Amino acid sequence: MLDVSEAVLMGYKISFAAGARAFPNSHPIEYNKIALVCEGGGQRGIFTAGLLDEFLHADFFPFHLMIGSSAGAQNLSAYACGQKGYGRHVITRFTTSPEFFNPLRFLRGGHLIDLDWLVEATSREFPLDMARARQRLVGRELLLCACRSDDFQPVYFPAIETDWLEAIKASSAIPLFYRNGVELDGVRYLDGGVRDAIPVREAYRRGADLIVVIRTTPSGFDEPPPWRRGMQRLLAQSRLKLVVDVVESHESSYLATQAFIDQPPAALRILEIAPSTPLASKILGSSAEALSRDYRIGRLYGRRFVKHVAPLLRQRKDLASVQSTDSLVV
């Protein structure tokens, strides 16, 4: 078994309430409801794609609830469909195309990222197997997080009960980069990462007592440098006020989410899988070498999790015999 220091070195972080009693290393990780939460991050989602491909390879699909924002929503959709290699193919083949990412088009007043082209092209050439997903999701939930453009409140679209592809598009509509947002039922939506980049609090609100979190950045929150705070104050008085509002909404939400992960409620345990150092890939414009490297790293982390942690997971049968305040040492 792993001890805590080994787990951290391997990219896992274990969070539980202060003062809670730790399990011995050999004890199973018991839960009533287990959730999988995936952060966005644009092309950095290649790390998540690799990790989930290892989950699919091992037929590891225990989750009652899955929630993702932006690239996390896209990767979870492929995972729910059981399509190994889907996320990697979409990121390396389609998001590197000038039809999708085009700075010159953006300078001329168009989209920096063309989500309409992406959805149409992938649906035609490499569609999601939604029929299979409906079978795999029986008794489970897959939610795709976007946020309203008027008040930035997060909305969690159930994949099966909504227009799945439009919900993915809404969840991925990075403000300004995809200029108009996505309209669903008369409401315009933006990228879910604006307000809930890592939807752990929503997973807890929906009853999860064990949450596995896949991040595309090292765990923690980096305070923005002082110069950027000053720049934001200046821009707040200009036509770019919307940009400032989006950035500040994202930062405040991210900070609150990190605090929740670091100190979760007593009945909740969180397992994070995060790269120990920043990935080589970027949100957009990553090289083929960087994407290939980060996909391999994701596969490695996935194999480690399946080997060392997955065998410990146990759904509780006799709930009365388990203390809800027990914590976890893997």
Side-chain angles (χ1 to χ4, degrees), residues 11 34-56 61 63 65-81 83 86-88 90-91 95 113 115 118-119 122 128 133 137 140-147 154-159 162 164-165 167-174 177-178 182 189-204 206 208 211-219 250 253-254 257-258 260-261 270-275 279 281-284 286 291 294-295 297-298 301-302 305:
I34 183 172
L36 176 61
V37 168
C38 291
E39 184 177 17
Q43 289 180 330
R44 292 196 299 253
I46 196 77
F47 170 83
T48 306
L51 207 152
L52 292 181
D53 277 351
E54 284 297 325
F55 282 10
L56 288 172
F61 193 59
F63 303 103
L65 172 64
M66 292 161 279
I67 315 180
S69 290
S70 194
Q74 298 169 34
N75 276 312
L76 280 177
S77 294
Y79 180 56
C81 292
Q83 287 176 270
Y86 182 94
R88 180 187 189 184
V90 168
I91 292 172
T95 72
I113 56 171
L115 292 172
L118 181 67
V119 169
T122 54
L128 288 168
L137 288 173
R140 310 171 195 264
E141 277 189 292
L142 169 60
L143 304 177
L144 314 176
C145 177
C147 78
V155 177
Y156 307 90
F157 293 103
T162 191
W164 194 332
L165 294 179
I168 290 175
K169 189 193 296 186
S171 183
S172 307
I174 301 174
F177 291 3
Y178 182 72
V182 175
Y189 293 94
L190 304 173
D191 189 301
V194 170
R195 194 57 180 266
D196 202 2
I198 314 173
V200 287
R201 290 175 290 177
E202 183 65 17
Y204 175 67
R206 291 175 182 259
I211 304 175
V212 177
V213 180
I214 302 176
R215 302 182 69 158
T216 54
T217 56
S219 180
H250 168 75
S253 172
Y254 204 95
T257 298
Q258 186 62 55
F260 183 90
I261 291 173
I270 298 174
L271 293 174
E272 286 186 274
I273 312 174
L279 296 171
S281 50
K282 301 175 290 186
I283 292 176
L284 293 165
S286 306
L291 293 173
D294 291 343
Y295 177 77
I297 292 174
Y301 277 45
F305 190 91

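Since the structure is predicted, the reported quantities are computational estimates derived from the model, not experimental observations.
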Just how far is it from atom [atom1] of [X] to atom [atom2] of [Y], taken to the nearest 0.5 Å?
| X | Y | atom1 | atom2 | result |
| --- | --- | --- | --- | --- |
| S172 | L190 | OG | CG | 11.5 Å |
| I91 | Y295 | CD1 | OH | 10.0 Å |
| Q43 | I283 | CD | CD1 | 9.5 Å |
| T95 | L291 | OG1 | CG | 6.5 Å |

Work out which heavy atom in [X] is nearest to a heavy atom in [Y]; give both atom names and the distance.
| X | Y | value |
| --- | --- | --- |
| S219 | A274 | N-CB, 4.0 Å |
| I46 | R88 | CD1-CA, 3.8 Å |
| K169 | V119 | CE-CG2, 4.0 Å |

**Q.** Cationic N near anionic O, under 4.0 Å, R206 to E141
**A.** yes

Has [X] got a side-chain atom pairing as donor or acceptor with [Y]'s backbone, closer than 3.5 angstrom?
| X | Y | value |
| --- | --- | --- |
| T162 | P158 | no |
| S171 | A167 | no |
| N75 | A71 | yes |

Taking the side chain as C-beta and beyond, is there a heavy-atom pair between [X] and [Y] under 4.5 Å?
| X | Y | result |
| --- | --- | --- |
| L142 | Y79 | no |
| V155 | R195 | no |
| P154 | P199 | no |

Q | side-chain contact (heavy atoms from CB on, under 4.5 Å) partners for A35, two or more places apart | A | L65, A203, A208, I211

Q | Residues in side-chain contact (heavy atoms from CB on, under 4.5 Å) contact with Q83, at least two apart in sequence or another chain | A | C81, Y86, L128, D129

Q: Starting from the C-alpha separation in whole Å, work towards a yes-or-no answer on side chain to side chain contact (heavy atoms under 4.5 Å, CB included) for T257 and V200.
A: CA-CA 7 Å; T257 298; V200 287; 3.6 Å; yes

Q) Aromatic rings Y189 and F157: how do their planes relate, parallel, tilted or perpendicular, breaks at 30° and 60°? A) perpendicular

Q: Using ring pair (Phe, Tyr, Trp, His ring centres under 6.0 Å) as the criterion, point out the one residue from F61, F305, Y301 that pairs with F55.
A: F305

